[in-house]
Each structure stands twice: as structure tokens, then as C-alpha cells.
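Report on the structure given below.
Scope of the values below: all heavy atoms of this structure, side chains included, with no hydrogens, waters or symmetry mates. So that the names make sense, note that chain A is the first sequence line, chain B the second, and so on, each numbered from 1. Given the structure is predicted, the values throughout are model-derived calculations rather than measurements.
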Amino acid sequence: MKVRCFHPWNVTPQEALMIQAHMRDAVIPRGRVSRPALIAGADAAFDLEKNQIYAALVVLSFPALEIVETVVHRTRLRFPYIPGLLSFREAPALLGAFERLRHDPDVIVIDGHGHSHPRQTGIACHIGLCLDRPVIGCAKSRLIGEFREPGQDRGARAKLYNEHGA
DNA sequence: GCGACAG
DNA sequence: ATCTTGTCGC
């Protein structure tokens, strides 16, 4: 895939905050993908001893969910884990993997939050801007906001509220 | 000052 | 994230 990022990655946390402020207006927070033929999933694993991050991608056909392509890309870790700045730690490796991806997914699922972020610029938003593709943030726990635990059924949902509402 | 805090 | 010990449910 073509990766177009509009800022450097070798930045300080303070600079990262300014980049997020700049990104905020470019994000399209909602949308719909009509008939995806290919969907991609991405996650990262670490070797802290070697200071390495492993970005893994899988492309699936949809709705059959057959594996079409996989990519693993290893790079050096250059940024610490700071809540709210996750993308500056993980996105460089993930985007390196996406550069090697031959298929062109219609939608991407990323580990971590997207719009549900203190500055509405979580890693899903960041990756979406760099790839110019729809991305669904799929985090396993809360970063910000208040919610009632949803039910266990498939499709169960709950609204996430900020200090004002919505 | 204290607690919260994606991965 | 990753690791390790202890508990719970099937």
C-alpha cells in the first residue's frame, strides 16, 4: 500500500501533541463501507530486551474470512508507551508493514482507539490518515470516557460519554 | 497533590 | 505490551 505521512516520527512527546492537534481536523470520525471485498487486521508485539517491535498484518476476504495475505515487519522501538501517544510507538512499524502489503483492503481494523481519544487522534485515526483508508479502532479497554458495561451478545453496545455527553 | 492512563 | 502466579469453569 501507499503510505503518505505528513510529519516525522522521530519526535518528542511535546511535538507529538502538536502533530495530533494538526491531525484532529483532518479526521473523518464516522462513515460506512458499502461492500468490502477485503478487510485487514493489524496488531503489534514486542521484544523489550532487543528493543524491537513486530507489526503483523492479515488480509481476509469478506465475508468468507479466508486468509488472503499476511505480513510481519520488525523495526526498532523509538518511542515510549505514553497513554494518548500510542501511535508514535506503534504506527511506524505498522505502516512499514502496510508498505509491504500487496493487497488493498477496503477497511482496516487496528488495535487501539481511534476517535475515543483525549484529542480524537488515536492510532486508528492516525493510521487512517497515513493510508487514506477507513479504519476501525478496536481497543480492548477504555482510554477515556464513561460507559455502562455492554451485554455479552454479539453486537451488544453501549454509548461512551465524555464530561459533557455524547 | 492524587488517581487514571489504548498498548 | 509481556510475565507469572493463583483461581474459576468446563
Original post:
Under the criteria of a ring-centre distance below 5.5 Å and an interplanar angle below 30°, is A:Tyr81 stacked with the base of C:dA1?
Top reply: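 So no, this residue does not stack on that base, at least one cut-off failing.
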Whole angstrom value for the distance that separates [atom2] of [N] from [atom1] of [X]:
X	N	atom1	atom2	result
A:Ile127	B:dA6	CD1	P	18 Å
A:Asn162	B:dC5	CG	C1'	17 Å
A:Asn51	B:dG7	CG	C1'	15 Å
A:Arg89	B:dA6	CZ	P	13 Å
A:Leu94	B:dG7	CG	P	13 Å
A:Phe79	B:dA6	CZ	P	15 Å
A:Arg142	B:dG7	CZ	P	12 Å
A:Leu86	B:dA6	CG	C1'	6 Å

Subject >> A:Val27 backbone acceptor or donor facing A:Gln120 side chain under 3.5 Å >> reply: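 Checking the backbone N and O of A:Val27 against the side chain of A:Gln120, no donor-acceptor pair under 3.5 Å is found.
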Original post:
Taking only side-chain nitrogens and oxygens of A:Ser116, does any of them come within less than 4.0 Å of OP1 or OP2 of B:dA6?
Top reply: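 So the side chain of A:Ser116 is outside the cut-off, no N or O lying under 4.0 Å from OP1 or OP2 of B:dA6.
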Original post:
With respect to the phosphate group of B:dA6, does any side-chain polar atom (N or O) of A:Lys140 fall under 4.0 Å of OP1 or OP2?
Top reply: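 Checking B:dA6 against A:Lys140, no side-chain N or O comes under 4.0 Å of OP1 or OP2.
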Original post:
Contact class for A:Ile123 (heavy atom, under 4.0 Å): base, sugar-phosphate, or nothing?
Top reply: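 Result for A:Ile123 = base.
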**OP:** Assign A:Gly137 to base, sugar-phosphate, or nothing according to its heavy-atom contacts below 4.0 angstrom with the strands shown.
**Re:**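 It contacts nothing in the nucleic acid.
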Subject >> Rounded distance [0.5 Å steps], OH in A:Tyr81 versus CD in A:Glu90 >> reply: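 The CD atom of A:Glu90 is 9.0 Å from OH of A:Tyr81, to the nearest 0.5 Å.
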**OP:** Mind telling me whether A:Phe79 and A:Phe88 have parallel, tilted or perpendicular rings, with 30° and 60° as the class edges?
**Re:**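 Geometry flag for A:Phe79 against A:Phe88: tilted rings.
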Original post:
Counting only heavy atoms not in A:Arg78, do more than 12 fall under 6.0 Å of its CZ?
Top reply: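 No, CZ of A:Arg78 has 12 or fewer neighbouring heavy atoms, counting only those of other groups under 6.0 Å.
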